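Comments concern the structure below.
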Amino acid sequence: MKVVILAGGAGTRISEESVTTPKPMVEIGGMPVLWHIMKEYAWYGYREFIICAGYKQAYIKQWFADYFLNSSDVTFDFTEKRNDMYVRSSNVEPWKVTVADTGADTMTGGRIKRIQKYIGDEPFMLTYGDAVCDVNIDRLVEFHCSHGKIATLTSVVRRQDKGVLDISDVGVVKAFREKRSDDGMPINAGYMILEPEIFRYLEGDDTIFETIALEVLAKEGELMSYRHDGFWQCMDSLREKQLLEKLWAKGNAPWKVWEQEDRYNGSAER
């Protein structure tokens, strides 16, 4: 499955950083939060990414254009009037990344619709480019395959201002509504899996994925929730960025699954 990451918003709530840098490129531990999210997925074997860019999309493209060079040891040979470059070693990840310009003002559903041509007729993963999580993606995929519905989202219980879910005892999402400041119910944490039928629920650039597509899917009984009781944290504010930075600096970043024991053979993957 391909992994689609929504990375086109302006990030106005973290304007201290996003005024010069797209929000998904704000750094945690010296690397963009987008990189952290991709590392999570790649550890589970999902290494083909489609980045839905928009605001300052050229910045994201340039970062990936420079990534190989910046992650390698390189010799520049100018002797004998030459200009040769040799890559001695590289730590770059084996990823395939498509950065798509989905428009500066396009809504979330419109961004997903624009990259339909890169998905084809197959299920795909979708998440937001501003939150990290330690959800077990193997189990998430297993859950999605078990119920036969169009969409699965990962839910967490947080007292925050995200989209609120009404979930039945067996995991069916009965309603999806916009947030209220006093909510303490399960929220949509992203880390979704979608069948290709989702594109029928998306129209033009003005389609808001959360308040149109997900609400309709919930009413039709086609939206399921995978409950995650572990770590999840968005980066909507400078305070939240500082929290993630502190966890990373202390070596206590729960989303850093790629430094944990390999789930298949017990060895640490580096």
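Quantities reported herein were computed from a predicted structural model and do not represent experimental measurements. Position 1 is the first residue of the sequence, and the numbers go up from there.
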Are [X] and [Y] side-chain neighbours, meaning at least one heavy-atom pair lies under 4.5 Å?
{"X": "Tyr44", "Y": "Asn136", "value": "yes"}
{"X": "Ser72", "Y": "Asn70", "value": "no"}
{"X": "Phe199", "Y": "Tyr201", "value": "no"}
{"X": "Phe143", "Y": "Thr154", "value": "no"}
{"X": "Met107", "Y": "Phe209", "value": "no"}
{"X": "Tyr191", "Y": "His228", "value": "no"}
{"X": "Glu203", "Y": "Lys113", "value": "no"}
{"X": "Leu244", "Y": "Met235", "value": "yes"}

So does [Y] get a backbone contact from the side chain of [X], meaning a donor-acceptor N/O pair under 3.5 Å?
{"X": "His36", "Y": "Ile28", "result": "yes"}
{"X": "Glu222", "Y": "Ile150", "result": "yes"}
{"X": "Glu240", "Y": "Ser237", "result": "yes"}
{"X": "Thr102", "Y": "Ala53", "result": "yes"}
{"X": "Thr207", "Y": "Gly204", "result": "yes"}
{"X": "Arg47", "Y": "Lys96", "result": "no"}
{"X": "Arg111", "Y": "Ala7", "result": "no"}
{"X": "Ser90", "Y": "Val92", "result": "yes"}

Legend entry - Derivation of the side chain to side chain donor-acceptor pair (under 3.5 Å) call for Lys246 and Gln242: CA-CA 6 Å; Lys246 186 179 296 185; Gln242 292 168 344; over 6 Å; no

So which atom in [X] and which in [Y] form the shortest heavy-atom distance, rounded to 0.1 Å?
{"X": "Pro254", "Y": "Leu247", "value": "CD-CD1, 4.5 Å"}
{"X": "Ala100", "Y": "Ile115", "value": "CB-CG2, 3.8 Å"}
{"X": "Asp84", "Y": "Arg82", "value": "OD2-CD, 3.4 Å"}
{"X": "Gly54", "Y": "Asp101", "value": "CA-OD1, 4.2 Å"}
{"X": "Thr106", "Y": "Gly103", "value": "OG1-CA, 3.6 Å"}
{"X": "Ala189", "Y": "Trp232", "value": "O-NE1, 3.2 Å"}

Could you give the distance from [atom1] ([X]) to [atom2] ([Y]), rounded to the nearest 0.5 Å?
{"X": "Ile50", "Y": "Ile119", "atom1": "CD1", "atom2": "CD1", "result": "3.5 Å"}
{"X": "Ser225", "Y": "Leu153", "atom1": "OG", "atom2": "CG", "result": "5.5 Å"}
{"X": "Cys145", "Y": "Ile193", "atom1": "SG", "atom2": "CD1", "result": "6.5 Å"}
{"X": "Thr152", "Y": "His147", "atom1": "OG1", "atom2": "NE2", "result": "2.5 Å"}
{"X": "Cys52", "Y": "Tyr118", "atom1": "SG", "atom2": "OH", "result": "10.0 Å"}
{"X": "Gln57", "Y": "Met25", "atom1": "CD", "atom2": "CE", "result": "12.0 Å"}

Legend entry - side chain to side chain contact (heavy atoms under 4.5 Å, CB included) between Leu126 and Leu6, worked out: CA-CA 8 Å; Leu126 173 73; Leu6 293 169; 3.9 Å; yes

Inset, instruction - Just do the side chain to side chain contact (heavy atoms under 4.5 Å, CB included) check on Thr21 and Tyr59 with the steps written out, would you? - result: CA-CA 7 Å; Thr21 306; Tyr59 187 108; 3.8 Å; yes

Look at atom [atom1] of [X] and say whether more than 12 heavy atoms of other residues, nucleotides or ligands are closer to it than 6.0 Å.
{"X": "Arg239", "atom1": "CZ", "value": "no"}
{"X": "Glu142", "atom1": "CD", "value": "no"}
{"X": "Asp105", "atom1": "CG", "value": "no"}

When the ring centroid of [X] is compared with that of [Y], is the distance short of 6.0 Å?
{"X": "Trp95", "Y": "Trp43", "value": "no"}
{"X": "Tyr67", "Y": "Trp63", "value": "yes"}
{"X": "Phe49", "Y": "Phe64", "value": "no"}

Inset, instruction - Check step by step if side chain to side chain contact (heavy atoms under 4.5 Å, CB included) holds for Glu40 and Val132. - result: CA-CA 8 Å; Glu40 295 173 59; Val132 288; 3.6 Å; yes

Inset, instruction - Evaluate the criterion side chain to side chain contact (heavy atoms under 4.5 Å, CB included) for residue pair Lys149 and His144; output intermediate values, then yes/no. - result: CA-CA 8 Å; Lys149 304 294 185 180; His144 178 78; over 6 Å; no

Legend entry - Name of the residue among Asp77, Thr75, Leu69 meeting side-chain contact (heavy atoms from CB on, under 4.5 Å) with Met85: Leu69

Are [X] and [Y] grouped together when hydrophobic residues (ILVMFWY) are joined by side-chain heavy atoms under 4.5 angstrom apart?
{"X": "Ile208", "Y": "Ile198", "answer": "no"}
{"X": "Tyr41", "Y": "Phe231", "answer": "yes"}
{"X": "Ile137", "Y": "Met1", "answer": "yes"}
{"X": "Tyr86", "Y": "Phe68", "answer": "no"}
{"X": "Ile187", "Y": "Ile212", "answer": "no"}

Legend entry - Any pair counted as salt bridge (Lys or Arg N to Asp or Glu O under 4.0 Å), so long as it reaches residues 115-134, sequence neighbours left out: Lys2-Glu122, Lys23-Asp130

Legend entry - Worked check of ring-ring contact (aromatic ring centres under 6.0 Å, His included) between Trp35 and Trp258: CA-CA 12 Å; Trp35 175 88; Trp258 56 91; 5.8 Å; yes

Inset, instruction - Considering only NZ, NE, NH1 and NH2 on the basic side and carboxylate oxygens on the acidic side, decide whether Lys241 and Glu245 come within less than 4.0 Å. - result: yes

Legend entry - N-O pairing of Glu93 and Lys39 below 4.0 Å: yes

Legend entry - Under 3.5 Å side-chain donor-acceptor pair for Ser89 and Asp73: yes

